[in-house]
Amino acid sequence: MTRLGHVTPILRIFDEAKAREFYIEFLGFAVDFEHRYNAEFPLYMGISLAECRLHLSAHHGDACPGAHLRITCHHVAEFALTLATKAYRYAKPGAPETTPWDSIEFTVADPFGNRLTFVQEE
């Protein structure tokens with residue numbers, strides 16, 4: 001029987017400083033690793049926050065901008081409030097909303113057109 005494991009999405013980024021500002025400073029992810037073939041090559045970086053793992057890539061062809069991820073989040077209202085009070089000028093999430101399918105969620109967009117929806121399922 002086939003058994004699948006965790007999925008690690010790769011998100012396309014275009015600016016390392018903006019990616020760090022959004023994912024590390026604003027959302028609170030930690031850097032797990034960084035890789036470049038040499039100083040002139042684009043960044044490939046692994047980040048995590050609790051059990052959520054993402055890879056960010058500036059390499060052309062690794063991923064297309066405009067992805068939309070749904071990320072399970074415990075205490076989603078508290079997380080949204082924490083983000084709303086941060087001094088990040090490009091995103092201020094509103095209060096989470098209850099969906100017709102009984103989840104509570106909010107969405108923020110990164111500087112590269114990727115959307116992250118944080119979801120608390122009832």
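These numbers come from the heavy atoms of this one structure, side chains and all, not from hydrogens, waters or symmetry mates.
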Residues Asp62 and Ser57: closest non-hydrogen pair is OD2-OG, 2.6 Å

Does atom NZ of Lys86 have more than 12 heavy-atom neighbours, drawn from other residues, nucleotides or ligands, at distances under 6.0 Å? yes

So CD of Glu51 and OG1 of Thr72: to nearest 0.5 Å the spacing works out to 9.0 Å

Scanning both residues in full, the closest heavy-atom pair of Pro96 with Val76 reads CG-O, 4.0 Å

Closest non-hydrogen contact found for Ile47 with Val31 is CG2-CA, 4.3 Å

Rounded to the nearest 0.5 angstrom, the CG-CZ distance for Leu116 and Arg70 is 11.5 Å

For Ser48 and Arg53, the nearest pair of non-hydrogen atoms, with its separation, is CB-NH1, 2.7 Å

In this structure, CZ of Arg20 is separated from CG of Asp15 (nearest 0.5 Å) by 11.0 Å

Please check if the number of heavy atoms outside Phe33 that lie under 6.0 Å from its CZ is greater than 12. yes

Residues His74 and Gln120: closest non-hydrogen pair is C-OE1, 4.2 Å

* Would you say Asn114's side chain and Gly66's backbone share a donor-acceptor pair under 3.5 angstrom? -> yes

Across all chains, not counting sequence neighbours, the ring pair (Phe, Tyr, Trp, His ring centres under 6.0 Å) partners of Phe118 are Phe79, Phe106

TODO: Find out if a path of hydrophobic residues (ILVMFWY) with successive side-chain heavy-atom gaps under 4.5 Å connects Val119 to Leu54.
DONE: no

| query | Parallel, tilted or perpendicular: which fits the ring planes of Phe22 and Phe26, with parallel below 30° and perpendicular above 60°? | reply | tilted

| task | Side-chain contact test, heavy atoms from C-beta onward, threshold under 4.5 Å: evaluate it for Ile10 versus His59 and give yes or no. | result | no

Note to self: Would you say Ile71 ends up clustered with Leu56 if hydrophobic residues are merged whenever their side chains have heavy atoms under 4.5 Å apart, either directly or through other cluster members?
What the structure shows: yes

Taking NE2 in His75 as the centre, count heavy atoms belonging to other residues, nucleotides or ligands within less than 6.0 Å. Is the count above 12? no

For this session: Give a yes or no answer on whether the side chain of Arg36 reaches the backbone of Tyr44 with a donor-acceptor pair at less than 3.5 Å.
Result: no

- Shared hydrophobic cluster for Ile24 and Leu83 (ILVMFWY, side-chain gaps under 4.5 Å): yes

Margin query: Tell me whether Glu121 contacts the main-chain N or O of Ser103 through its side chain, where contact means a donor paired with an acceptor under 3.5 Å.
Written below: no

Sorted by chain and residue number, the side chain to side chain contact (heavy atoms under 4.5 Å, CB included) partners of Glu21 (sequence neighbours excluded) come out as Glu25, Tyr88, Tyr90

